[in-house]
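Just below is one structure, and these are the notes that go with it.
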Amino acid sequence: MKRRIEISELRSQRWFDSPGIRSFNVRTRALQMGYSREDFEHKPVIGILNTWSDFAQCHSHFPQRVEEVKRGVWQAGGLPMELPCMSLSETMVKPTSMLYRNMLAMEVEELIWSHPVDGVVLMGGCDKTTPGLVMGAASAGVPAIYLPAGPMLSGRYKGRLLGSGSDNWKYWDEYRAGRLSQREWHDMEAALARSPGHCMTMGTASTMTSVVEALGLTLPGAASIPAADSAHARLASDCGRRIVDLVWQGTKLEDIVTRASFLNAVTVLMALGGSTNAVIHLIAMAGRLRVPLALEDFDAISRRTPVLANLRPSGKYLMEDFYYAGGLRALMRELAPMLDLSCSTVSGRPLGETLEDAEIIDRDVIRPLSDPIQAEGGIAVLKGSLAPRGAVIKQSAASPELLRHKGRAVVFTDRDDLARRVDDPELEVEPDSVLVLQNAGAVGAPGMPEWGALPIPKKLLARGVRDMVRISDSRMSGTSFGTCVLHVAPEAARGGPLGLVRDGDLIELDVPARRLELLVEPAELERRRAEWVPPKPFFTRGYGQIFMQHVLSADQGCDFDFLLAGEPTPEPKIY
Ligand code: FES
């Protein structure tokens, strides 16, 4: 353990306790807010970065949780200061919250950098808030602890469990196929989201909070606690107390997280059958900490890690069941032979020690290594002539019979084209066709929205078809299922082969061999390439233009190039 730092080493003291007029002004303004000298003198200042807003439905309990974090900070002898930041509701923010993940990360870094903050509690949960907060705090280089929002309670309708996203998509297809009445559809709307908290399937939110726990950045067990449980309120106060200790110990985020922690996180991702979005976010988070992490690491770990979590969309249950079954700690204890248990955690104890008393309560929800849901991890990385720099597929949520498939392409040049034609009765498509969506990536869409689970054409739905091979440079909601090849790199709008596919081309998908091939003669592809013109940029001004000019590709985590370069910025000068 690091030595306890001196008061004079606290970053905030340079604001509050420097000689001269600037500190006089800072103290004056703290007194103006009603704080007394005892409140701020010689105390670590803890920034509580809160992604709450009236639009952040998954974080609607955060105003109460902030008070609980503050209680913990006060108890431990710190000064808690709330810093609101971008809320990024997955549902409300259009065209896609992914457009703004990097903006949140920049905001977090700059808020920490420019304020008298010694350590931070990061409050997030709804999809992009988790990576955005962690990326920003990693670049800011201060002690940090992550407080996940916790999953909402399970949805229920007429005795059936309803899971966020997964069941929306499932019953939407039933509704489109005419097998569900309007009345039932509306009743389901009201039965799906029953409490505060993030999506309660193993979608992107649950995946990201779980992998951040596996990285060691939450208190043990934090990611599985339902938002509405009183244990979640206690967790918030624990975070407040613990961050003060981390500040006094001088333990920064980068002291906790290493390449071994990232490999642990990837192992957990695979065993959870977690969201493909985590591949992009983990690479981006690792980039901020200058830890090497590549698509190849994901595939190597996937091949040796079984899926143990029986959670939708890969399995049967929901996060509330997972919590009662023992939660992430129980799953990680089962996975222990595959994890580096010496990795640090914000609890101050090595990972292995935090798992010692974990126990699987329900072995159907969390399977033992001897009886997994699937022998291999949830995500496979593909390469080949259609994806020279890689693509991913969530094989645990795909149809097994489609994992080896050859079919003719039915191409949609963008999302508008897809919306216009996919349900056209004249569309030439068969159940064994391969649906291809172009220009849906980081630059092409832009923002890489979750369009990758292309809808099944209505005329095939009517014939009972529920899954087809679908390929795009887009992402897919972590709650979705189906045989969807995603994140094809390079993306179509940057000149990738995906943009050269034409109707009728033969495409071969071979997941066991990790191949994705466009079976078109090279000379023909060269001819098409010579004719190819990049799509007109959607944004010609503002943040959107910055995004399009600087976003890296999916295999590089979609961070901005200028945020990965350069030296750490020195502290602001206070004269
Ligand atoms: Fe917030 Fe799904 S909408 S996590």
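Keep in mind that this is a model prediction, so the values were computed, not measured. Atoms within each ligand, like the ligands themselves, are counted from 1 in listed order.
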Closest heavy-atom pair and its distance - His487, Ile280:
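Scanning both residues completely, I find the closest heavy atoms to be CE1-CD1, 3.5 Å.
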Check this for me: Phe538, atom CZ, are more than 12 non-hydrogen atoms of other residues, nucleotides or ligands nearer than 6.0 Å?
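Open.
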Is the closest basic N to carboxylate O distance between Asp173 and Lys170 below 4.0 Å?
no
Using 4.0 Å as the upper bound for N to carboxylate O, is an ion pair formed by Glu68 and Arg71?
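Salt bridge between Arg71 and Glu68, a charged N being under 4.0 Å from a carboxylate O: no.
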Using a 4.0 angstrom limit on heavy atoms, which residues are close to ligand 1?
Gln57, Cys58, Glu90, Thr91, Cys126, Asp127, His198, Cys199, Ala205
Measure from the ring center of Phe547 to the ring center of Phe560 and say whether it is less than 6.0 Å.
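Yes, the ring of Phe547 comes within the 6.0 Å limit of the ring of Phe560, centre to centre.
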For residues His232 and His61, establish whether the separation of their ring centroids is below 6.0 Å.
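Under 6.0 Å, so yes.
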